[in-house]
Participant: 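Before we start, here is the structure in question, set down as structure tokens.
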Amino acid sequence: MSQNVTAFDTIAAIATPPGEGAIAIIRVSGNEAVTTVNALFRGHDLTQVATNTINYGHIVDPDTHAVVDEVMVSVMRAPKTYTCEDVVEINTHGGILATNRVLQLVVGTGARMAEPGEFTKRAFLNGRIDLTQAEGVMDIIRAKTDRAMDVAEHQVAGGLETEIRATRQKVLDVLAQEEVNIDYPEYDTDQMTANAMRQCAEMVIKDIDQLLQTATEGQIMRDGLATAIVGRPNVGKSSLLNYLLHEDKAIVTDVAGTTRDVLEEYVNVRGVPLRLVDTAGIHETDDKVEKIGVERSRAALAAADLVLLVLDASQPLTDEDRELLTTTQAQHRIILLNKQDLPTAFDATTLAPWTEEADVLGTSVVTTAGMDALADRISSMFMGGIANRQADVMVTNARQAGLLRQARQSLRDVISGLDNDMPLDMVQMDLTDAWDHLGEITGDAAPDELITTLFSQFCLGK
């Protein structure tokens with residue numbers, strides 16, 4: 001990608017998580033980054049040191065001349081930096097007070113506080129990365145499994161960008177051919193151009209369909225699979241959550257209704273990131289607090305991508321069990337006949353009116369029976385195809401998937417227009433729309449409002 005460095009003011013932000021730690025990093029970027037930090041630094045003259053060096057010294061308050069902290073300062077010169085600008089990183093002792101004192105001095109010396117995602121936004125505006133790579137940076141930060149990390153790193157390396165640009169070039173070649181046909185009709189015929197448009201549209205639709213096949217799995221990788229653990233009180237929902245988390249996160253007692261609110265945690269199951277929601281037992285109650293918990297449970301159930309419906313197999317089915325079996329019939333679900341370590345009151349055949357036996361697993365959190373089968377079932381339901389293909393190029397968010405669908409529709413309009421013998425210059429408009437939609441994915445044709453919104457979702461300091 002060509003370098004097109006744009007002049008910006010100097011920005012600064014804390015690039016490490018808040019709180020106590022061994023070190024904290026304050027990142028400074030801009031044309032005056034080196035001179036700004038040098039005005040506070042006692043040690044080597046940072047304006048004279050070589051690029052990509054780290055320098056020991058102290059940050060000193062220029063007004064009182066008091067030493068604020070002992071630091072290591074990294075100097076990286078443009079254009080071979082994350083932002084393509086001069087970048088300085090101050091490694092201070094970790095801690096809220098020490099870090100903020102140094103940051104305040106940097107801001108007071110001429111820098112300003114960076115906005116969320118502004119460092120990565122500058123990398124994009126300066127031509128170092130495209131929008132898919134910028135989104136990949138955020139995916140790395142949010143990755144919760146090794147597979148998600150691998151996909152995000154491939155995206156940062158330009159995997160999806162390469163695919164989109166190659167697809168976009170196919171459209172551009174045909175658009176250029178149509179322009180030649182308009183300017184020099186003696187060198188081409190309308191039929192040849194129409195055939196080229198049709199072939200291009202059909203080819204690019206296939207490319208888009210292949211990418212869209214990864215969209216569901218890609219978004220699961222990025223955001224996690226919203227998984228609601230539901231059931232009536234005291235069937236083992238919180239015990240299941242604790243088992244999957246490998247820690248006692250939820251309180252477990254033999255008293256029905258112990259869980260009164262929605263608990264949410266992330267867990268990795270066979271490479272599938274689950275956003276687990278342990279819900280309050282869904283049942284009729286007059287308790288005001290418990291009733292609020294039940295309402296929240298129903299909301300979590302409605303929003304779930306996957307439902308783990310837990311039934312107590314040691315007791316006969318209740319009306320509340322039957323209601324949940326009916327309510328969840330249209331959703332992706334796995335029914336767990338829990339407490340198999342106790343004498344059972346019913347089995348999977350009892351559930352025939354509501355489900356097939358393939359949806360039912362016998363489990364016991366106490367003995368861990370059925371837990372491996374549950375993990376295998378979740379993995380096969382949502383990630384089997386991707387895992388088998390080992391796809392590195394994936395569509396990882398709704399923005400990318402939506403633009404691909406818009407591009408595909410424009411290409412279908414191209415084919416429809418040709419079938420209906422529409423003038424080629426009108427068909428060309430649909431082909432141009434497809435080219436623009438693909439360009440929005442990489443940022444080549446993205447409006448300023450989209451860019452601002454996208455980078456505002458980044459964390460401060462990135």
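Because the structure is a prediction, the values reported are computed rather than measured. Start at 1 with the first residue, then count along the sequence.
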Participant: Whether the side chain of T99 engages the backbone of I96 through a donor-acceptor N/O pair (distance < 3.5 Å, no angle test) should be reported.
Facilitator: no
Participant: Minimum heavy-atom separation for T214 to V395, with atom names?
Facilitator: OG1-N, 3.0 Å
Participant: Show your working on side chain to side chain contact (heavy atoms under 4.5 Å, CB included) between I334 and I378 and close with a plain yes or no.
Facilitator: CA-CA 8 Å; I334 302 173; I378 292 172; 3.8 Å; yes
Participant: With L160 as reference, evaluate H154, E135, M394, Q400 under the side-chain contact (heavy atoms from CB on, under 4.5 Å) test and give the passing residue.
Facilitator: Q400
Participant: Check D209 with R408, please: is the shortest side-chain N to carboxylate O separation under 4.0 Å?
Facilitator: yes
Participant: Look at the side chain of S379 and the backbone N and O of A375, then say whether any donor-acceptor pair between them is shorter than 3.5 Å.
Facilitator: no
Participant: A side-chain contact here means heavy atoms from C-beta on lying under 4.5 Å apart; do T363 and L240 qualify?
Facilitator: no
Participant: Between Q169 and D173, do the side chains contain a donor N or O and an acceptor N or O under 3.5 Å apart?
Facilitator: yes
Participant: Please find the pair of heavy atoms, one from N338 and one from G236, that lie closest to each other, and give the distance.
Facilitator: ND2-CA, 3.7 Å
Participant: Verify side chain to side chain contact (heavy atoms under 4.5 Å, CB included) between Q315 and L342, making sure each step is shown before the conclusion.
Facilitator: CA-CA 10 Å; Q315 299 180 8; L342 302 175; over 6 Å; no
Participant: Minimum heavy-atom separation for L212 to A401, with atom names?
Facilitator: CD2-O, 3.8 Å
Participant: Using atom types as modelled and distance alone, determine if a side-chain donor or acceptor of N397 lies under 3.5 Å from a backbone N or O of R399.
Facilitator: yes
Participant: Using 0.5 Å steps for rounding, measure from the CG atom of L306 to the CG atom of L274.
Facilitator: 7.0 Å
Participant: Can N100 and Q104 be said to form a side chain to side chain donor-acceptor pair (under 3.5 Å), step by step?
Facilitator: CA-CA 6 Å; N100 280 331; Q104 289 169 10; 5.6 Å; no
Participant: Is there a side-chain contact between L317 and L311 in this structure, where contact means two heavy atoms from C-beta onward sitting under 4.5 Å apart?
Facilitator: yes
Participant: Would the distance check show the side chain of D69 and the main-chain N or O of H93 forming a donor-acceptor pair, the cut-off being under 3.5 Å?
Facilitator: yes
Participant: Could you tell me whether the side chain of T227 and the main chain of L225 form a donor-acceptor pair under 3.5 Å?
Facilitator: yes
Participant: For the side chain of Q133 and the backbone of D130, is there at least one donor-acceptor N/O pair under 3.5 Å apart?
Facilitator: yes
Participant: With rounding to the nearest 0.5 angstrom, report the CD1 to CD distance, I129 to Q155.
Facilitator: 11.0 Å
Participant: Could you check if a side-chain atom of L351 sits within less than 4.5 angstrom of a side-chain atom of F346, using non-hydrogen atoms only?
Facilitator: yes
Participant: Would you indicate whether the side-chain heavy atoms of V71 and N91 approach each other to under 4.5 Å?
Facilitator: no
Participant: Ignoring hydrogens and angles, tell me if any N or O in the side chain of S364 forms a donor-acceptor pair with the backbone of T367 under 3.5 Å.
Facilitator: yes
Participant: Will you find, in the side chains of E161 and T132, an N or O donor that is under 3.5 Å from an N or O acceptor?
Facilitator: no
Participant: A side-chain contact here means heavy atoms from C-beta on lying under 4.5 Å apart; do M113 and I11 qualify?
Facilitator: no
Participant: Is T442 close to L131 at the side-chain level, that is, under 4.5 Å between some pair of heavy atoms?
Facilitator: no
Participant: So, the side chain of T81 versus the backbone of A78: is there a donor-acceptor pair under 3.5 Å, distance only?
Facilitator: no
Participant: Return the CD1 to OG1 distance between I205 and T167, rounded to the nearest 0.5 Å.
Facilitator: 12.0 Å
Participant: I'd like to know whether CG of D319 has more than 12 heavy-atom contacts from other residues, nucleotides or ligands below 6.0 angstrom.
Facilitator: no
Participant: Side chains of R198 and E202: does their closest heavy-atom pair fall under 4.5 Å?
Facilitator: yes
Participant: With side chains defined as the heavy atoms from C-beta onward, is the minimum distance between T120 and M138 less than 4.5 Å?
Facilitator: no
Participant: Just how far is it from atom CZ of R412 to atom CG of D419, taken to the nearest 0.5 Å?
Facilitator: 13.5 Å
Participant: Side chain of R122, backbone of Y82: donor and acceptor closer than 3.5 Å?
Facilitator: no
Participant: What distance separates N126 CG from K121 NZ, expressed to the nearest 0.5 Å?
Facilitator: 12.0 Å
Participant: Check the pair R232, D321 against salt bridge (charged side-chain N to carboxylate O under 4.0 Å, His left out), reporting the backbone distance first and the verdict last.
Facilitator: CA-CA 7 Å; R232 59 183 174 82; D321 292 330; 3.0 Å; yes
Participant: Using the side chain to side chain contact (heavy atoms under 4.5 Å, CB included) rule, take E163 and D207 through it: C-alpha gap first, then chi angles, then the decisive distance, then the call.
Facilitator: CA-CA 9 Å; E163 293 281 339; D207 293 342; over 6 Å; no
Participant: What's the spacing between I335 CD1 and L337 CG if we round to 0.5 Å?
Facilitator: 7.5 Å
Participant: Begin from the C-alpha positions of L411 and I208 and carry the test side chain to side chain contact (heavy atoms under 4.5 Å, CB included) through to its verdict.
Facilitator: CA-CA 10 Å; L411 292 167; I208 290 174; 3.9 Å; yes
Participant: Looking only at heavy atoms, what is the nearest atom pair of R168 and W435, with distance?
Facilitator: NE-O, 2.8 Å
Participant: For the pair T16 (side chain) and I25 (backbone), establish whether a donor and an acceptor sit closer than 3.5 Å, ignoring hydrogens and angles.
Facilitator: yes
Participant: For R275, is there an ion pair with D305 - N to carboxylate O distance below 4.0 angstrom?
Facilitator: no
Participant: Specify the closest pair of heavy atoms between S29 and V87, including all atoms of both residues, with the distance to one decimal.
Facilitator: OG-CG2, 3.8 Å
Participant: Looking only at heavy atoms, what is the nearest atom pair of D312 and S314, with distance?
Facilitator: OD1-OG, 2.5 Å
